Amino acid sequence: MSTFLFSKAKYLSTIIHLIILSHGSSASEPVDPTQGFVSLPLNRSYYHIQKPYDVPEDRRYSFCDGVHKCWVYSTDKPHTRTSRTKPCTEIAIQGYGYSSGTWQFEGYGYVPAGTSGVCVMQVFGASPPHSTTFMLRVYNGSLMYYRRTVLVDQIYDKWFRLNVIHNVDGSKVKVYIDGHLKLEADGRGGTSHAFKCGVYAQDDDSFYMESRWRGLQVLKKNH
Ligand SMILES: *[C@@H]1O[C@H](CO)[C@@H](O)[C@H](O)[C@H]1NC(C)=O
Ligand SMILES: *[C@@H]1O[C@H](CO)[C@@H](O)[C@H](O)[C@H]1NC(C)=O
């Protein structure tokens with residue numbers, strides 16, 4: 001009898017605890033944006049490193065203890081001899097080029113203090129005159145959507161979880177930082193897309209630019 005009463009009391013307290021939890025989970029609780037998505041295999045068969053064409057890869061990229069580190073200098077050459085783009089060192093996941101469906105990039109990123117005027121993650125491909133659907137940039141310690149909207153004020157020297165969801169058919173991009181929805185933006189057309197992360201110099205770029213990445217995943221929505 002007493003055992004019965006005890007387990008009943010425990011059951012009730014569990015219910016009360018769950019009610020409190022669900023009330024506390026309003027705006028401030030992080031969500032897992034990967035729910036409903038399937039993670040795809042990802043290894044070097046699916047990506048390559050874009051880096052200044054005249055230096056060896058290991059002078060601008062390293063992969064150590066599960067951490068990808070990409071760096072580039074504002075005075076570096078573009079990634080091909082004929083390209084006229086600014087310098088970049090990027091993990092280009094072109095093995096998962098896509099043109100329809102809903103795709104997601106997940107990664108834990110880190111940007112050291114001083115790195116500025118740089119794109120650290122992009123959804124490549126759009127309708128001309130654009131060439132990207134989404135850019136995550138860093139200016140003076142702020143994480144920004146292009147140079148338009150601040151997503152996080154102080155991003156230097158800490159790891160953050162990034163989830164970028166690109167619904168191609170619905171032409172929408174959703175961005176989560178640390179499980180919080182920070183941006184919903186329109187797509188910019190285009191028929192061929194790929195995710196890239198690393199450093200790609202933009203305007204007012206610092207001399208040295210670096211970002212680190214771990215836990216990279218490409219996911220696709222289940223239908
Ligand atoms: C990468 O993963 C694919 C799919 O699992 C596999 O077929 C391929 O051999 C792997 N490549 C390397 C370089 O590990
Ligand atoms: C970053 O700081 C520099 C120097 O103070 C300034 O010129 C530049 O406009 C700033 N950039 C942004 C996006 O605020």
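Atoms within a ligand are numbered from 1 in the order they appear, just like the ligands themselves. Here the structure is a predicted model, which means the values were calculated and not measured.
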- Message: Checking R44 now: which residues fulfil side-chain hydrogen bond (donor to acceptor under 3.5 Å, both in side chains) with it, not counting sequence neighbours?
- Response: E57

- Task: Could you please provide the protein residues found below 4.0 Å of ligand 1 on a heavy-atom basis, arranged by chain and number?
- Result: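 The 4.0 Å shell around ligand 1 contains P41, N43, S45, Y46.
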
- Query: Picking from F105, F124, Y98, what satisfies ring-ring contact (aromatic ring centres under 6.0 Å, His included) with H166?
  - Reply: Y98

- Message: Please list all pairs meeting salt bridge (Lys or Arg N to Asp or Glu O under 4.0 Å) that have one or both residues in residues 131-145, counting only residues at least two apart or in different chains.
- Response: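 Listed by first then second residue: R137-D203.
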
- Going by distance alone, is a donor N or O of one side chain under 3.5 Å from an acceptor N or O of the other, for K196 and Q50? yes

- Under 4.5 Å between any side-chain heavy atoms of Q217 and F37, yes or no?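 No, every pair of side-chain atoms sits at 4.5 Å or beyond.
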
- Return the set of residues passing side-chain contact (heavy atoms from CB on, under 4.5 Å) with D58 (not counting sequence neighbours), or none when no residue passes.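 By the side-chain contact (heavy atoms from CB on, under 4.5 Å) rule, D58 matches P56.
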
